[in-house]
Engineer: 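This is the structure I have questions about; it appears just below.
A, B, ... follow the sequence lines: proteins, then strands. Residue 1 opens every chain.
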Amino acid sequence: MRFVIGKEIANVLGVGNIPEIRNTSTEKGKGDFSSPVGFMMAKRLKRRPDDITKELSEKLSTKPWAEKIEYKGGFLNIYLAHYYLLEHLYTLSDEQYKDIAQFTPQHGKKIQVEYVSANPTGPLHVAHGRGAAVGSALVNIFKHIGLDATSEFYINDGGEQIKKFALSILERVKEIKGLPSDIESIEGGYKGEYIKNIAKQILETYPNILDMPLDKAIEVASDLGISLMLRDQKAVLKTYRVMFDVWRSEKDIRKEGWVEKTINLLKEKGLTYEAEGALWLKTTAFGDDKDRVLIKQNGEYTYFAVDVAYHFEKHIRGFDIVYDIWGSDHYGHIGRMKAAMKGLGLPDDFLQVIVIQIVRFLKDGEPIKMSKRAGTFTLLSELIDLVGVDAARFYFLMYSPDNSMDFDLDLAVKKSMDNPVYYVQYSYTRALSLKRKAEESGVSIPTLDELKDALEKYTPSDEERLLLVNLADVRYQLMLSAKNLSPHYVVNYAKDLAGMLHSFYQSKRVLDAESGSARVFRMALVDRFIEVMGLLHDLMGIEKKEHM
RNA sequence: GCACCUGUAGCUCAACAGGUUAGAGCGCAGGCCUCCGGAGCCUGAGGUUGGGGGUUCGACUCCCCCCAGGUGCACCA
């Protein structure tokens, strides 16, 4: 709706850009939507603010969407026509959702969203849950509004950690065989219970693994360990309703020679130098506070070098914008990566990191101490078992990623009304139940013609108006989330809509309405609510419940 | 020390691109179905938006300086 109005205002004024339109439906006396267009354009058009809004109100009042347009100083207050809103909602197609892409800065770009990208050296940690929820919801929204987005999981199956992972497994193998073993001897080794399970499974396939040369044993242990962990991670993510378009392996990036190619390119550009037996990249030339090592003294690539190569490879694959969703513990990595991208000659907006702030999990009001390496962590799968997929996702999506959050496990377990996910899901179930009842008693969803007729006799109440106007705002709300790179706009919108539905439901009878025309209108409203709210459920990745 | 994030009602958080009277939920006080699902609704109390300057017709929002909390500052990933 706002896109329609904005374009018309721009047309009347003969300006290219669309002015700000605010949703003022919950405020009294400001119309359904309002725009400070008079103030915004006064300087540019060299006219008085109220002169601009006066002209607009006169010229736009005849439009089919306008019920009434008032101006107050530089503000234009717009009241929308009921029939037009319903017609808009009735005819909202996938193509019209896809039209919104043009109003986002990412329009026309090939976008990649890389998230989770956990090490395949253990099960997914509960802290992965936030990035996974945000990433998947964001990609859902991107795709729905017609942005060209691809989701990707980077499998960190190369490098030093993998070696430690394999050595940890081998120590556990020794332990199982009753040989002397010392897991503590591996610095930064993996001590979790799951390592023992991997060791057991390895022994089933390779009973004599300890007789192999160490290199070979490490290879066998890491390969099998990685594939088991990856299988486990994929299963949990599937349960968590997180799917990836592409799974890209670090090992493959290395094998395909991207690291050499990228380092050679940087060398050719004169951006590297040797010092202290290592090869360095001059990231300070591009804003980093320190130069970074690409090749270590021992001849191995740093994680940084491989990651630069991986991102260069993303560029070669044709992505214009790459969103990496990282935990705040990776903050230190951002500056050097951006510097490296600049060094490679990529545009400033190529790599955009969405930093997800820390999540603390509270139990009995106290933060739980979690340490991955020590093996005392809480798993994402455990969180799902505890609070359910819907509550976990919803809770993570509710907050802006910039905000560090506390996840109160006791509260989420309660499955009570404290938990907003039930509030939202209940609104959908309630509307659905109403529609079901209507169908049972032979009341059908009205056609547009029937609505036009009904609205000549019936004037909607405030509650009905509020719901209608806000349902018609759905595309704008999706655009906000996409533009600002956070699903929390959509979640809050869903919460607002749910409240409006409950409020409407409580104040007006639908099936046994006071008049036929009132019932026709309300049935349409309920039906459109189900449509919009259902979409929001899908985008957030929470279940649409027929019964609760 | 430097960089980034955060600071809004008792608590957890919103506030769209700077826009009209800063909003929800929980909690608190009171009220509401003989009736479509009460997991709900309505009313009320509760705010100097951490502090101080500045820009602007207009600042929670932008700029500067403080204060407080968090995170990061590896030849780890």
Engineer: So what does A:Asp496 touch, heavy atoms closer than 4.0 Å: a base, only the sugar-phosphate, or nothing?
Structural biologist: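 A:Asp496: no heavy atom of the nucleic acid under 4.0 Å.
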Engineer: For the P atoms, the ones on B:C63 and on B:C73, what distance do you get once it is rounded to whole angstrom?
Structural biologist: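 That atom pair is separated by 26 Å.
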Engineer: Using both distances under 3.5 Å as the test, list the Watson-Crick or G-U wobble partner of B:C4, or none.
Structural biologist: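 Here B:C4 is engaged in a pair, and the nucleotide opposite it is B:G70.
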Engineer: For A:Glu27 and B:U20, give me the distance from atom CD to atom P, rounded to whole Å.
Structural biologist: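 After rounding, the reported distance stands at 7 Å.
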Engineer: Counting any heavy atom closer than 4.0 Å, what does A:Phe304 reach on the DNA or RNA strands: base, sugar-phosphate only, or nothing?
Structural biologist: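 No contact at all - A:Phe304 keeps every heavy atom at 4.0 Å or more from the nucleic acid.
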Engineer: Of the listed nucleotides (B:C36, B:C76, B:U12), which one gets closest to any side-chain atom of A:Lys437?
Structural biologist: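 Per side-chain heavy atoms of A:Lys437, the pick is B:C36.
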Engineer: Looking at A:Phe304, is A:Arg292 sitting on its ring face, NZ or CZ under 6.0 Å from the six-membered ring centre and within 45 degrees of the normal?
Structural biologist: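 No, A:Arg292 does not sit over the ring of A:Phe304.
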Engineer: Considering only heavy atoms and no angle criterion, is a donor-acceptor pair shorter than 3.5 Å present between the side chain of A:Ser433 and the base of B:G37?
Structural biologist: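 Looking at the base of B:G37, it does pair with a donor or acceptor on the side chain of A:Ser433 (distance under 3.5 Å).
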Engineer: If the C1' atom of B:G7 is compared with that of B:C60, how far apart are they to the nearest Å?
Structural biologist: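 Straight-line distance between the two C1' atoms is 11 Å.
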Engineer: Pick the closest RNA chain B nucleotide for A:Asn77 and for A:Met398 by heavy atoms, then say which residue is nearer the 5' end.
Structural biologist: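 So the residue in question is A:Met398.
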Engineer: Please say whether the positively charged group of A:Arg475, taken as NZ for Lys or CZ for Arg, lies over the ring of A:Tyr97, i.e. under 6.0 angstrom from the six-membered ring centre and within 45 degrees of the axis.
Structural biologist: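 No, A:Arg475 and A:Tyr97 do not form such a contact.
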Engineer: Under 4.0 Å: is that the gap between some side-chain N or O of A:Lys296 and OP1 or OP2 of B:C76?
Structural biologist: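 For B:C76, OP1/OP2 do have a side-chain N/O of A:Lys296 under 4.0 Å.
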Engineer: Could you verify whether a donor N or O on one side chain and an acceptor N or O on the other, from A:Tyr493 and A:Asn470, lie under 3.5 Å apart?
Structural biologist: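 No - no donor-acceptor pair under 3.5 Å links their side chains.
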Engineer: Taking the side chain of A:Arg430 as heavy atoms from C-beta outward, which of B:G38, B:A77, B:A14 is closest to it?
Structural biologist: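 Of all the options, the side chain of A:Arg430 is nearest to B:G38.
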Engineer: Using the C1' atom as the point on both nucleotides, what is the distance between B:G44 and B:C67, in whole Å?
Structural biologist: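 Nearest-Å result for B:C67 against B:G44 at atom C1': 36 Å.
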Engineer: For B:G25, what is the paired nucleotide under Watson-Crick or G-U wobble rules, both distances under 3.5 Å?
Structural biologist: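 Per the H-bond distance test, B:C11.
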Engineer: Hey, is A:Phe39 doing a stacking thing with B:G19, by the 5.5 Å centroid and 30° angle criteria?
Structural biologist: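 Taking the rule of under 5.5 Å and under 30°, the ring of A:Phe39 does stack on B:G19.
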Engineer: For B:C26 versus B:C65, give the span between their P atoms, rounded off to a whole number of Å.
Structural biologist: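 Looking at atom P only, B:C26 and B:C65 are 41 Å apart.
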Engineer: Look at atom CD of A:Glu514 and say whether more than 12 heavy atoms of other residues, nucleotides or ligands are closer to it than 6.0 Å.
Structural biologist: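 Result for CD/A:Glu514: enclosed.
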Engineer: Considering heavy-atom distances to RNA chain B, does A:Thr429 or A:Gly159 have its closest nucleotide positioned more toward the 5' end?
Structural biologist: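 Closer to the 5' end of RNA chain B: A:Thr429.
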Engineer: Should A:Asn403 be listed as having a side-chain N or O under 4.0 Å from OP1 or OP2 of B:A14?
Structural biologist: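 For B:A14, OP1/OP2 do have a side-chain N/O of A:Asn403 under 4.0 Å.
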Engineer: Checking contacts here: which listed nucleotide (B:A15, B:U20, B:C5) is nearest the side-chain heavy atoms of A:Gln357?
Structural biologist: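 Of B:A15, B:U20, B:C5, B:C5 is nearest to the side chain of A:Gln357.
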Engineer: What is the ring orientation for A:Trp280 with A:Tyr273, classed by angle as parallel under 30°, tilted 30 to 60°, or perpendicular over 60°?
Structural biologist: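 The rings of A:Trp280 and A:Tyr273 lie parallel, inter-plane angle below 30°.
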Engineer: If you take any heavy atom closer than 4.0 Å to RNA chain B, which residues from residues 520-527 of chain A end up in contact?
Structural biologist: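 When residues 520-527 of chain A is checked for heavy atoms under 4.0 Å from RNA chain B, there are no hits whatsoever.
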Engineer: Check this one for me: any side-chain N or O of A:His330 less than 4.0 Å away from OP1 or OP2 of B:C76?
Structural biologist: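 For A:His330, the contact criterion (side-chain N or O under 4.0 Å from OP1 or OP2 of B:C76) is not met.
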Engineer: Around atom CD of A:Glu546, are there more than 12 heavy atoms of other residues, nucleotides or ligands at under 6.0 Å?
Structural biologist: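 12 or below, so no.
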Engineer: Go ahead and name the base partner of B:A45; Watson-Crick or wobble counts if both distances stay under 3.5 Å, otherwise write none.
Structural biologist: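 Looking at the geometry, B:A45 pairs with no nucleotide.
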Engineer: Flag the pair A:Glu152 and A:Lys314 as a salt bridge only when some basic side-chain nitrogen lies within less than 4.0 angstrom of an acidic carboxylate oxygen.
Structural biologist: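 Answer for the salt bridge query: no.
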Engineer: Using whole Å, what does the distance between atom P of nucleotide B:A14 and atom CG of A:Leu397 come to?
Structural biologist: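 After rounding, the gap between these two atoms is 13 Å.
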Engineer: Going by ring centres under 5.5 Å and near-parallel planes (under 30°), is A:Phe75 stacked on B:U20?
Structural biologist: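 Here the ring of A:Phe75 and the base of B:U20 are stacked, with centres under 5.5 Å and planes under 30°.
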Engineer: In whole angstrom, give the distance that lies between atom CG of A:Leu497 and atom P of B:A24.
Structural biologist: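 It works out to 15 Å between those atoms.
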Engineer: Where does the angle between the aromatic ring planes of A:Phe521 and A:Tyr458 fall among parallel (under 30°), tilted (30 to 60°) and perpendicular (over 60°)?
Structural biologist: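 The arrangement is tilted - the two ring planes meet at 30° to 60°.
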Engineer: With a non-hydrogen cut-off below 4.0 angstrom, is A:Lys545 in contact with a base, only sugar-phosphate, or nothing?
Structural biologist: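 It contacts nothing in the nucleic acid.
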Engineer: Could you tell me whether A:Glu546 contacts a base, only the sugar-phosphate backbone, or nothing, with contacts defined as non-hydrogen atoms closer than 4.0 Å?
Structural biologist: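 Contact class for A:Glu546: base.
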Engineer: Among B:U71, B:A77, B:G19, which nucleotide has an atom closest to any side-chain atom of A:Asn156?
Structural biologist: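 Nearest to the side-chain atoms of A:Asn156, counting from C-beta on, is B:A77.
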Engineer: Which whole number of Å gives the distance between the C1' atom of B:G46 and that of B:G27?
Structural biologist: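 Approximately 11 Å lies between the C1' atom of B:G46 and that of B:G27.
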Engineer: Would the base of B:C75 count as contacting A:Glu276 through its side chain, where contact means a donor and an acceptor less than 3.5 Å apart?
Structural biologist: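 Under the 3.5 Å cut-off, the side chain and the base do form a donor-acceptor pair.
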Engineer: Let's see if you can work this out: which of B:C76, B:C16, B:A74 has an atom nearest to the side-chain heavy atoms of A:Arg22?
Structural biologist: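 Comparing B:C76, B:C16, B:A74 against the side chain of A:Arg22, the answer is B:C16.
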Engineer: With respect to the side chain of A:Lys290, which nucleotide from B:C75, B:U20, B:G37 is positioned closest?
Structural biologist: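 Within the option list, the nearest is B:C75.
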Engineer: Would you mind reading off the distance between A:Asp406 atom CG and B:G69 atom P, rounded to a whole angstrom?
Structural biologist: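 Interatomic distance, CG of A:Asp406 to P of B:G69: 16 Å.
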Engineer: Starting from the C-alpha separation in whole Å, work towards a yes-or-no answer on salt bridge (charged side-chain N to carboxylate O under 4.0 Å, His left out) for A:Asp223 and A:Lys251.
Structural biologist: CA-CA 11 Å; A:Asp223 280 358; A:Lys251 207 190 264 177; 3.0 Å; yes
Engineer: Figure out the CD/C1' separation between A:Gln506 and B:C32, and round it to whole Å.
Structural biologist: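 For the pair A:Gln506 CD and B:C32 C1', the rounded distance is 8 Å.
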Engineer: Can you tell me the distance, in whole Å, between the CH2 atom of A:Trp280 and the P atom of B:A74?
Structural biologist: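 So the two atoms are 11 Å apart, to the nearest Å.
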Engineer: Quantified in whole Å, what is the C1' atom distance between nucleotide B:A17 and nucleotide B:C76?
Structural biologist: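 The answer is 41 Å between these two C1' atoms.
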Engineer: Can you check the A:Asn298 CG to B:A74 C1' distance for me, whole Å?
Structural biologist: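 Distance, rounded to whole Å: 14 Å.
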Engineer: Considering only the C1' atoms, how many Å lie between B:C13 and B:A9, rounded to the nearest integer?
Structural biologist: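 So the two C1' atoms sit 11 Å from each other.
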Engineer: Out of B:G37, B:A77, B:C36, which has the shortest distance to the side chain of A:Met548?
Structural biologist: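 The answer is B:G37, which lies nearest to the side chain.
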Engineer: My understanding is that a pair needs two contacts under 3.5 Å, Watson-Crick or G-U wobble. By that rule, which nucleotide pairs with B:U55?
Structural biologist: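 Partner of B:U55: none.
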Engineer: Mind calculating the distance between CG (A:Asp329) and P (B:C73) to the nearest angstrom?
Structural biologist: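 Nearest whole value for this atom pair: 8 Å.
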Engineer: Any base atoms under 4.0 Å from A:Gln297, or only sugar-phosphate, or nothing? Heavy atoms, all strands.
Structural biologist: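 Result for A:Gln297 = base.
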Engineer: Of the listed nucleotides (B:C5, B:A77, B:A15), which one gets closest to any side-chain atom of A:Asp402?
Structural biologist: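 Shortest atom-to-atom distance from the side chain points to B:C5.
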Engineer: With A:Ile295 as reference, evaluate A:Val259, A:Thr272, A:Leu281, A:Ile263 under the side chain to side chain contact (heavy atoms under 4.5 Å, CB included) test and give the passing residue.
Structural biologist: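 Going through A:Val259, A:Thr272, A:Leu281, A:Ile263 one by one, the side chain to side chain contact (heavy atoms under 4.5 Å, CB included) with A:Ile295 is satisfied by A:Ile263 alone.
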Engineer: Using a cut-off of less than 4.0 Å, is there contact between a side-chain N or O of A:Tyr489 and OP1 or OP2 of B:A15?
Structural biologist: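 Yes.
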Engineer: Output the single nucleotide from B:C36, B:G40, B:C16 whose closest atom is nearest the side chain of A:Leu434.
Structural biologist: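 So the nucleotide nearest the side chain must be B:C36.
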Engineer: Who is the Watson-Crick or G-U wobble partner of B:G18, with both distances under 3.5 Å?
Structural biologist: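 Paired with B:G18, as far as the under-3.5 Å criterion goes, is no nucleotide at all.
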Engineer: Of the options B:C41, B:G38, B:C75, whose atoms approach the side-chain atoms of A:Tyr423 most closely?
Structural biologist: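 Of the candidates, B:C41 comes closest.
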Engineer: Is the positively charged end of A:Lys68 above the ring of A:Tyr79, judged by distance under 6.0 angstrom from the centroid and angle within 45° of the axis?
Structural biologist: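 Checked: cation-pi criterion met.
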Engineer: Between A:Tyr190 and A:Tyr194, does the ring centre distance come in under 6.0 Å?
Structural biologist: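 Centroid separation for A:Tyr190 and A:Tyr194: 6.0 Å or greater.
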Engineer: Using a heavy-atom cut-off of under 4.0 Å over every strand shown, decide if A:Arg436 touches base, sugar-phosphate, or nothing.
Structural biologist: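 Result for A:Arg436 = nothing.
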Engineer: Distance between the C1' atoms of B:U49 and B:G18, in whole angstroms?
Structural biologist: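 About 15 Å, rounded to a whole number of Å.
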